[in-house]
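Chain identifiers are assigned alphabetically (A, B, ...) following the order of the sequence lines, protein sequences preceding nucleic acid strands; residue numbering begins at 1 within each chain.
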Amino acid sequence: MNETNELPKTYDPSGIEDKWYKTWEESKSFKPVANKDKGTYTILMPPPNVTGRLHMGHALDHTVQDVIIRFKRMQGFETLWVPGQDHAGIATQAKVEEKIFKEEGKTKHDLGREEFLKRVWDWKEEYGGHILEQFKKLGNSCDWDYFTFTMDEGPSKAVKKFFVDMYNEGLIYQDNYIINWDPKLQSAISDAEVDHKEVAGKFYHIHYKVKDSNAVLEVATTRPETLFGDTAVAVNPNDDRFEHLIGKKAIIPICNREVTIVADEHVDMEKGTGCLKVTPGHDFNDYEIGKRHKLEIINLINSDGTYNDNAKPVEGLNSKAARKKTVELLEEAGQLVKVEDHTQQVGHSQRSGEIVEPMVSKQWFLNTQKMAEISVKEVENEKMSFFPKGWENTYYSYQKNPRPWCISRQLWWGHQIPVYECSSCSHQWASEQDADSCPKCESKEVKQDQDVLDTWFSSGLFPLSTLGWPDEQAMQEKGFDKFYPTDTLVTAFDIIFFWVARMMMMSNKVTNKSPFEHVYIHAIVRDKDGVKMSKSLGNVIDPLDIIQQYGCDALRFTLAVSSGYNRNINLDTEKIEGYRNFINKIWNAFRFISPNLENANDKGFEIADLHHHEKWILSELNDVTKKVTHSLEEYRFDDACNQIYAFVYDKFCSWFIELSKGILSSENENLKTQRANVFKYCFKHIMKLIHPITPFISEEIWTYLKTEDESLLISQEYPMYKEEFCFNDDVYNMEKFIEIITSVRNLRNSVNVKPKEEIDIRLFTDDEVLARYLFKSRGYLKELANVKAGKIKDKSVERPEKSIMRATAHTEIFVPLEGIIDIENYVQKLGNDLKKAEKEFEKVEKKLKNPKFIENAPDNVIAEVKEKASGFEEQVKSIQNSLTMFES
RNA sequence: GGGCGUUUAGCUCAGCUGGGAGAGCGCUACCCUUACAAGGUAGAUGUCGGCGGUUCGAUCCCGUCAACGCCCACCA
């Protein structure tokens, strides 16, 4: 053959992908182009941790964002996709600590704060960039010039500014309060960082003696070791059993301390023994009870989780050992009544996995009461919306009952709290600038608070800080006013509280505007059996492996086609392979039209000259364009992909290309040119439609299609629906034509006539318009079904004998057959057809005979049903006639 | 304890405001037909979780039961 051979038979993405990414970057295609008439469109990328590695979750998250941003860019928006990275306080510090200890046997304390931080920065410089390079393999069209690290100067300024403002407003304050303490990290963590896991534990029933009384209180607890910190015993005020004891003293076993018996509504009479030991220092509820009754707080636990000398008998032991020891002591004292099995919910640190110790400690808090109210209202008033909408419940549940957010962490890696204290006069103040003297007494003895801020404090400000806030000049340079608020945030449900809510609260506080209009919550990627991917299970699918094996476009298409409003994606490599095949199909469709492109001229085509097949495919293309655009705007990537897939595969390849082979191999230069023009037009259009999803192959093919004036596909205009390309009659006729061809093929198949064998057919229809159309199309019938030109007659004419037939609602197709055919098989098949048609007919008949249906149903529905009924009736009659011929 | 979600073809899932059950993969038969065997043609498969209700009509709305999954909640 000829030119086709220049293009490889299968599409090979390797090489092509890197080439195009580089080209896009060099041509600055990812940068916003000013003065677009549609305005701006901004997406903020959820910043990955510096310690992160690319996984399928990123691949999905970024595919979705890149699809949106490429789509909007082509639609004519001034688009900006802002990439960033998070310093991830705890995770990073832990990683570097471990590395240093492994390699040098040193702890961070051995190095000192300054040296240790230097090491973390070194580590960040060396490894932090890895994941960003991996992102590029996904085709992300983000503007790397906007790249922001949460510890950069900009975000640091933002953090300080926000902190100082909140401090001065009194919303940030320092308090002794019960917090979650992670004894492994030796830091406070926020409520959100605690996971409650079910643990098989024990219920210990302990006797507390009552002073000056013979009464004994039976107290039930899961944590007997905390009895050293008890400062009360509580009962319900309405509980008759204990009423007479309220106000008396109970004696704590082992340490024999006296505490008051108090009445508190919190105590559940049904639960346990109805009698509660109160340890305000180490239990959230007890802390509240303690506050109500002004109880003393006794701290029992050191920062490493061991017990201190307030619990002398168990001093130096950790919780587990202390519990064992305490139980032994209770037994010895004869005050342990019984031990029951009990399943309980125990808080574990999300980061370290360690059991969290509730502990009273001096920490910094942000009062989020008012901010949470506003961010709830913003969603209620649809200033910000979730897609799918259901996720707003999750968002509300987090925000409607906000507790003060503990923002201080006893770590080194992070934003150090910008609060200073004077050792001379004890004055405390917050400052955006480093302070070296006290503003009150001018003493030089000032010290900055040693703690750092929760990582989410800086990422919560990311929509602002990535665009330059609070630095006026930076804001101008980065176009804060243009790009803020951003448009859509794309993320997974698990950080709705951590991140989405915090951004909402903080950004609204600063700007009185929500930081984004839409939040699209995508699914979680699991393995093919629906199990979460994890290293230990060995079921991880690495995006980079997939890209290497199947190409990035195949991966992107698979992820996009799996993304709608669903919660899970069960990723199967077979599925990716399937869509890889689709990518290859596109490649081959292009290979087919490629040699004909020379015939295309630059003038294109006139609508008046179009062949009915051309009108049909243009009309279908027009239709799919409308649907795809709509689906993308609704974040229905699944629908958008399926629309494109069905059009390319079932309409364009299976029919339009097949129907065009005759013309393209003919000598008719006019027709050939015309068809080549239409092919070129369609293919360019398809490449534009699919580009946001599969950017690489589309950009590659585009180079063969574009005119000299046209630039890269990435910056072309997205196709739009055009009224003048809507040809309903041609679509209608084509549908019938396809039905007839399919029926003929079905008939051949039913009697095992080989594809190569030419057969004769007769068509009978009473639809005159269709008859004319079929006559016009007889050549195509011949080509596509390998039939001799058949005759088209109306149904009054005698049917041929010795024929097999198939009936549609509008046309009977007869194939006269000489010789031996598989009659039995055929008759059975015909019988099945009859049964089906009869069943359908009965169904609609029944409806039409129901007077209530006629009375109540809308006219258009009745008309539809009537039309169907007559169609099925025709079909039934035709098949019955034919069957009687065979039976006789 | 509270809340949310899921249940549709062998598998994974789509079905918008109620009006003849869909896709991909897999499966079966035939075919190396001049873009593609990573292909072509044709085909089979569903009490739409159970029960009850509303309606002329329910996969869709209401009630109820069941199974599975997830999230939140202070470790009596």
Side-chain angles (χ1 to χ4, degrees), chain A residues 1 4 7 9-11 178 196 199 201 203-204 219-223 226 234 266-268 271-278 282-288 342 344-347 355-356 358 390-391 393-394 397-398 401 493-494 496-497 524 528-530 550 561-562 564-572 574-575 577-595 634 636 638-639 642 645-646 653-654 657-658 661 665 742 745-750 752 754-756 785-786 829 840 843-844 847 850-858 860-862 864-865 868 872:
Chain A
M1 264 268 297
T4 37
L7 296 171
K9 215 166 160 180
T10 50
Y11 171 65
I178 188 155
H196 288 90
V199 167
F203 225 156
Y204 301 89
V219 171
T221 180
T222 53
R223 300 192 63 188
T226 62
H266 168 78
V267 180
D268 185 340
K271 218 167 175 181
T273 57
C275 194
L276 186 66
K277 65 190 265 309
V278 183
H282 296 287
D283 184 286
F284 285 89
N285 288 312
D286 294 4
Y287 181 80
E288 295 299 326
H342 178 66
Q344 62 204 69
Q345 300 288 324
V346 180
I355 291 179
V356 165
W391 286 112
N393 286 324
T394 305
S397 81
Y398 281 117
N401 244 327
F493 78 89
D494 53 346
I496 289 178
F497 175 68
I524 301 291
K528 69 183 169 68
D529 301 315
Y550 300 107
V561 80
S562 309
Y565 292 169
N566 48 328
R567 295 183 165 221
N568 295 304
I569 293 174
N570 296 357
L571 191 66
D572 189 347
E574 267 188 34
K575 194 169 179 177
E577 193 182 324
Y579 288 113
R580 187 275 312 267
N581 294 352
F582 173 60
I583 301 291
N584 192 48
K585 185 84 180 174
I586 295 175
W587 179 252
N588 275 292
F590 173 67
R591 275 181 76 225
F592 173 77
I593 69 160
S594 162
E634 304 261 290
R636 289 305 304 252
D638 49 349
D639 287 347
N642 282 323
Y645 186 100
C653 292
S654 294
I657 286 185
E658 293 305 324
K661 284 180 176 172
S665 61
T742 306
R745 289 169 174 169
N746 180 301
L747 278 174
R748 303 179 71 105
N749 224 293
S750 70
N752 273 321
K754 300 280 179 231
K756 275 182 180 163
N786 194 19
K829 220 162 184 172
E840 295 294 344
K843 235 190 213 166
V844 285
K847 246 184 195 182
N850 182 348
K852 285 186 176 168
F853 172 73
I854 304 293
E855 220 170 283
N856 293 313
N860 64 321
V861 173
I862 296 177
E864 258 174 56
V865 174
K868 275 173 205 160
F872 289 132

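Residue contacts shown for A/V219 are absent, as no nucleic acid heavy atom lies under 4.0 Å away. Within 4.0 Å of A/A589, counting heavy atoms only, lies at least one base atom of the nucleic acid. Residue-level contact check: A/E855 touches neither bases nor backbone, having no heavy atom under 4.0 Å from any strand. A/R745 comes within contact range of the sugar-phosphate backbone alone, with a heavy-atom separation under 4.0 Å but no base atom that close. In this structure, A/F590 reaches neither bases nor backbone, as no heavy-atom distance under 4.0 Å exists between it and the strands shown. When heavy atoms are screened at a 4.0 angstrom cut-off, A/T394 is found touching no nucleic acid atom at all. Counting any heavy atom pair closer than 4.0 Å across all strands shown, A/I355 reaches a base atom. Note on A/F284: only backbone sugar-phosphate atoms sit closer than 4.0 angstrom, heavy atoms only; bases stay farther off. If you check every strand for non-hydrogen atoms under 4.0 Å, A/P858 touches a base. In this structure, A/V561 reaches neither bases nor backbone, as no heavy-atom distance under 4.0 Å exists between it and the strands shown. Counting non-hydrogen atoms under 4.0 angstrom, A/E658 reaches a base of the nucleic acid.
Between A/Y645 and the phosphate of B/C25, there is a side-chain N or O to OP1/OP2 separation shorter than 4.0 Å. In this model, the phosphate group of B/A35 is approached by a side-chain N or O of A/K661 to a distance below 4.0 Å at OP1 or OP2. For the pair A/N749 and B/A29, the criterion of a side-chain N or O lying under 4.0 Å from OP1 or OP2 is not met. Residue A/N856 places at least one side-chain N or O closer than 4.0 Å to OP1 or OP2 of B/C56. Between A/H196 and B/C72 there is no side-chain N or O to OP1 or OP2 distance below 4.0 Å. Contact annotation: A/R636 side-chain N/O to B/G15 OP1/OP2 distance is under 4.0 Å.
The closest side-chain heavy-atom distance from A/I178 to A/D286 is not below 4.5 Å. The shortest distance between side-chain heavy atoms of A/R591 and A/Y11 does not fall below 4.5 Å. Contact of the A/K277 side chain with the A/T226 side chain is registered, since non-hydrogen atoms from C-beta on lie closer than 4.5 Å. Side chains of A/W587 and A/T10 form no contact here, defined as non-hydrogen atoms less than 4.5 Å apart. Residues A/V861 and A/F853 meet the side-chain proximity criterion, which asks for heavy atoms closer than 4.5 Å.
Shortest non-hydrogen contact noted between A/P358 and A/R223 is CD-NH1, 3.9 Å.
Comparing B/C30, B/A38, B/A14 against the side chain of A/T10 picks out B/A38 as the nearest. When distances run from any side-chain atom of A/K847 to the nucleotides B/G43, B/C75, B/G19, the shortest one goes to B/G19. For A/V861, taking side-chain heavy atoms from C-beta onward, the closest of the listed nucleotides B/A42, B/G19, B/C56 is B/G19. With distances taken from any side-chain atom of A/K585 to the nucleotides B/U41, B/G39, B/C56, the minimum falls on B/G39. Checking B/A14, B/A38, B/A21 against the side-chain heavy atoms of A/K843 singles out B/A21 as nearest. Ranking B/C56, B/C36, B/U41 by closeness to the A/N850 side chain, first place goes to B/C56. Comparing B/C70, B/A37, B/A35 by their nearest atom to the side chain of A/F493 picks out B/C70. The side chain of A/K754 has B/C31 as its nearest neighbour among B/G19, B/C31, B/A37. You'll find that the side chain of A/T742 is closest to B/G43, out of B/G43, B/C70, B/A37. Side-chain proximity of A/P358 to B/C4, B/A38, B/C75: nearest is B/C75.
The distance between atom CG of A/N588 and atom C1' of B/C32, rounded to the nearest whole Å, is 15 Å. Atoms CG (A/N746) and P (B/A44) sit 8 Å apart, rounded to a whole Å. Distance, A/R591 CZ to B/A37 C1': 13 Å, rounded to whole Å. The nearest whole Å value for the distance from the NZ atom in A/K575 to the P atom in B/A14 is 10 Å. B/C4 atom C1' lies 6 Å from atom CZ of A/R567, rounded to whole Å. Atom-to-atom, CG of A/N642 to C1' of B/A14 comes out at 8 Å; the value is rounded to the nearest Å. Straight-line distance from the NZ atom of A/K9 to the C1' atom of B/G40: 14 Å, rounded to whole Å. Spacing between atom OH of A/Y565 and atom C1' of B/U6 amounts to 18 Å, rounded to whole angstrom units.
Separation of the C1' atoms belonging to B/G24 and B/U45 is 16 Å when rounded to the nearest angstrom. Across the P atoms, B/U41 and B/C32 are found 15 Å apart, a figure rounded to whole Å. Going from the P atom of B/A14 to that of B/U33 covers 40 Å, rounded to whole Å. With P as the reference atom, B/C16 and B/G53 are 25 Å apart, rounded to whole Å. Rounded to a whole angstrom, the distance from the P atom of B/A58 to that of B/G18 is 13 Å. Straight-line distance between the P atoms of B/G46 and B/G19: roughly 22 Å, to the nearest whole Å. Taking atom C1' on both nucleotides, B/C71 is separated from B/C11 by 28 Å, rounded to a whole Å. Taking atom P on both B/G15 and B/U7, the two are 10 Å apart, rounded to the nearest angstrom.
Not a single side-chain hydrogen bond (donor to acceptor under 3.5 Å, both in side chains) links A/K585 to another residue, sequence neighbours left out.
Consecutive Watson-Crick or G-U pairing (both distances under 3.5 Å) extending over three or more pairs maps onto RNA chain B as B:1-7 with B:66-72, B:10-13 with B:22-25, B:27-31 with B:39-43, B:49-53 with B:61-65.
Side-chain atoms of A/R567 do not come within 3.5 Å of backbone N or O of A/F493 as any donor-acceptor pair. For A/N746 (side chain) and A/T742 (main-chain N/O), no donor-acceptor pair under 3.5 Å exists by modelled atom type.
For A/N566 and A/V267, each mapped to the nucleotide of RNA chain B holding its nearest heavy atom, the one lying further toward the 5' end belongs to A/N566. Of the two residues near RNA chain B, A/D572 and A/I657, the one whose nearest nucleotide lies more 5' is A/D572.
The OG1 atom of A/T221 lies 8.5 Å from the CG atom of A/D283; values are rounded to the nearest 0.5 Å. One distance of note links NZ of A/K754 with CG of A/N749; it measures 9.5 Å at 0.5 Å rounding.
The aromatic rings of A/Y579 and A/Y645 stand perpendicular to each other, their planes meeting at an angle above 60°, with 30° marking the opposite boundary.
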